Amino acid sequence: MDESNNKNITRREFMTRLGLFGTASALASLAPMEAAARQLVTGTPHQSAPATPLAPADGGMTYRTTPNTDDEVSLMGFGMMRLPRKGKEIDQEKTNELVDYAIGHGMNYFDTAPAYGDSETATGIALKRHPREKFYIATKMSNQGRNHSLEDGKAMFQRSLERLQVDYIDYYLLHSVGQSGMKDFNPRFIDNGLLDWLVEQREKGLIRNLGFSYHGNVEVFDWLIDHDADYNWDFCQIELNYVDWRHASMGGGWKKDADAEYLYNKLWKLNIPSVIMEPLLGGKLGDLPKEMKQQLRDVRPDDSDARWAFRWIGSLPGVLTILSGMNRMDHLKENIETFSPLEPMNDDEKALLASIANQMSGYPTIPCTACAYCMPCPYGVDIPGNFAFYNKAVNEHVLPLPEKTAADYKKRAKDFAKSYRKAFPKKALPTSCIDCEQCLAKCPQQIRIPNQMVRLKELLAKE
């Protein structure tokens with residue numbers, strides 16, 4: 001039987017659509033489903049769903065297996081986009097300390113990209129100090145936003161090898177596909193032969209696993225998955241968390257064409273492992289509004305909001321690794337502890353997070369993930385910083401301010417505006433925004449940034 005026919009059997013017989021927030025049978029059924037999948041696809045490129053036991057016998061880090069290469073990948077991965085800095089430069093010494101601790105405690109997946117500034121170079125320096133078999137490097141073809149020739153793509157790949165100080169890339173991704181649909185995807189990867197060239201590099205061993213990271217337009221995601229027989233995707237990186245699962249279009253101008261449930265299930269059908277970005281929804285799920293926070297504390301008093309979010313994702317067997325950008329040692333230690341080993345989430349806990357997701361779907365925060373793709377602003381506005389300050393005020397019930405009839409309205413409004421101005425240099429405030437719209441095309445969340453800046457200017461005017 002040929003490869004494509006074998007995959008078609010998997011599609012027809014293996015998958016029943018997963019409802020994570022459903023009845024107790026939903027996750028309980030996954031173990032026999034995985035066993036059936038392994039039997040159905042033995043001998044095909046996707047040999048098994050990435051599902052090693054959730055609780056290792058030694059009590060250490062939980063691992064999942066990459067089907068094509070049998071890599072044992074730590075369920076917690078290190079996102080290298082937001083490394084500690086000393087002024088404008090990456091603090092290499094602190095980065096080394098974080099990487100050393102991560103590797104020393106079983107973490108072995110490190111994700112970077114040329115688009116992350118000097119991250120590739122810093123990552124290469126930190127990892128070069130360890131045996132090559134101790135880590136897997138993920139990086140990307142980060143030429144989004146404009147058309148590139150095949151020669152440009154080849155040069156970018158070679159620079160990544162040099163900066164990372166390696167002879168091959170373990171996990172290589174087409175970066176940020178889907179933001180502008182097929183009209184930009186085709187010239188970027190297909191028409192110039194770049195994707196075919198990357199497949200050749202995998203055949204040569206310079207790329208061990210080939211995948212893509214998806215943002216936005218589901219037409220591109222569907223096309224790539226529907227052409228899996230041509231490209232044989234080893235993995236796919238998607239945004240997934242317990243809010244995005246059913247509420248990916250939540251508020252604030254944030255436009256996504258598909259909920260994470262759809263993306264995950266489509267990958268699961270083909271046994272393509274999911275690598276997860278934005279597990280905390282840009283930090284929002286790591287610091288919930290106080291009434292939601294209390295709901296979690298009533299069930300597990302010692303667990304942080306972030307641990308709840310990570311455990312929810314980790315309980316999905318199709319997930320290979322969950323990326324978290326960690327620039328503080330205390331965050332790294334807590335995250336490692338969460339996955340050493342992972343305690344799978346029970347049905348009651350899943351139902352509670354489903355309720356919180358429903359509550360959050362109407363919450364008036366700005367859905368910025370702090371990726372900083374919009375930066376630098378040509379007029380000096382700290383776009384993600386302003387959004388984070390506003391969101392914190394909403395979550396702590398400083399905002400929305402009470403009705404103007406409230407006795408203390410004017411004082412509270414004035415106090416908020418005063419604290420807002422003190423938090424940023426004058427040039428970094430929304431008052432510097434002139435609505436040039438240069439940020440719009442850069443935002444993966446498709447936030448109408450100038451419109452949000454107008455709202456923030458109005459709040460500042462209350463002083």
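These numbers were taken from a predicted model, which means no experiment stands behind them.
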Do the non-hydrogen side-chain atoms of [X] and [Y] ever get within less than 4.5 Å of each other?
| X | Y | answer |
| --- | --- | --- |
| Asn358 | Arg246 | no |
| Tyr109 | Met76 | no |
| Ile356 | Tyr242 | yes |
| Gln452 | Cys368 | no |
| Phe157 | Leu206 | yes |
| Arg64 | Val319 | yes |
| Met80 | Thr139 | no |
| Gln237 | Tyr214 | no |

Could you verify whether a donor N or O on one side chain and an acceptor N or O on the other, from [X] and [Y], lie under 3.5 Å apart?
| X | Y | answer |
| --- | --- | --- |
| Tyr171 | Thr66 | yes |
| Ser213 | Ser176 | no |
| Asp222 | Tyr262 | yes |
| Thr338 | Glu334 | no |
| Thr112 | Glu120 | no |

Tell me every residue that passes salt bridge (Lys or Arg N to Asp or Glu O under 4.0 Å) with [X], counting only those two or more places apart in sequence or in another chain.
| X | result |
| --- | --- |
| Arg307 | Asp303, Glu337 |
| Glu219 | none |
| Asp118 | Arg85 |

Minimal non-hydrogen separation, [X] against [Y], with atom names:
| X | Y | value |
| --- | --- | --- |
| Leu240 | Trp245 | CD1-CZ3, 4.0 Å |
| Pro114 | Arg163 | CB-NH1, 4.3 Å |
| Met141 | Met156 | SD-SD, 3.6 Å |
| Ile238 | Ser274 | CD1-OG, 4.1 Å |
| Gly314 | Ile322 | N-CD1, 3.7 Å |
| Lys183 | Pro187 | O-CD, 3.1 Å |

Partners meeting ring-ring contact (aromatic ring centres under 6.0 Å, His included) with Phe387 (sequence neighbours left out): none
Test item: [X] side-chain N/O and [Y] main-chain N/O as donor-acceptor pair under 3.5 Å:
| X | Y | value |
| --- | --- | --- |
| Trp233 | Leu267 | no |
| Asn232 | Asp228 | no |
| Asp91 | Glu93 | yes |
| Asn241 | Asp244 | yes |
| Thr62 | Leu75 | no |
| Thr65 | Glu72 | no |
| Asn209 | Asp170 | yes |
| Asp71 | Val73 | no |
| Asp234 | Leu210 | yes |
| Lys128 | Thr123 | no |

Just to verify, what does Asp330 make a side-chain hydrogen bond (donor to acceptor under 3.5 Å, both in side chains) with, not counting sequence neighbours? Arg328
Can you name the residues that form a side-chain hydrogen bond (donor to acceptor under 3.5 Å, both in side chains) with Asn391, not counting sequence neighbours? none
Partners passing side chain to side chain contact (heavy atoms under 4.5 Å, CB included) against [X] (at least two apart in sequence or in another chain):
| X | result |
| --- | --- |
| Lys154 | Leu150, Trp197 |
| Asn327 | Arg82, Pro84 |
| Cys443 | Gln445, Ile447, Ile449 |
| Asp230 | His227 |

Could you name each residue pair satisfying salt bridge (charged side-chain N to carboxylate O under 4.0 Å, His left out) that touches residues 310-327, not counting sequence neighbours? Arg311-Glu349
For residues 189-201, the salt bridge (charged side-chain N to carboxylate O under 4.0 Å, His left out) pairs (sequence neighbours left out) are none
Distance in Å, Cys236 SG paired with Leu224 CG, rounded so as to fall on 0.5 Å steps: 8.0 Å
As an exercise, state the distance from CG of Asn346 to CG of Leu352, rounded to the nearest 0.5 Å. 10.0 Å
Walk me through whether Met277 and His215 qualify under side chain to side chain contact (heavy atoms under 4.5 Å, CB included). CA-CA 11 Å; Met277 56 186 168; His215 298 260; 3.5 Å; yes
Please determine if Arg132 and Asp167 form a salt bridge, counting it only when a charged side-chain N lies under 4.0 Å from a carboxylate O. no
Could you walk me through whether Lys134 and Asn108 pass the side chain to side chain contact (heavy atoms under 4.5 Å, CB included) test, one step at a time? CA-CA 6 Å; Lys134 289 290 187 180; Asn108 62 12; over 6 Å; no
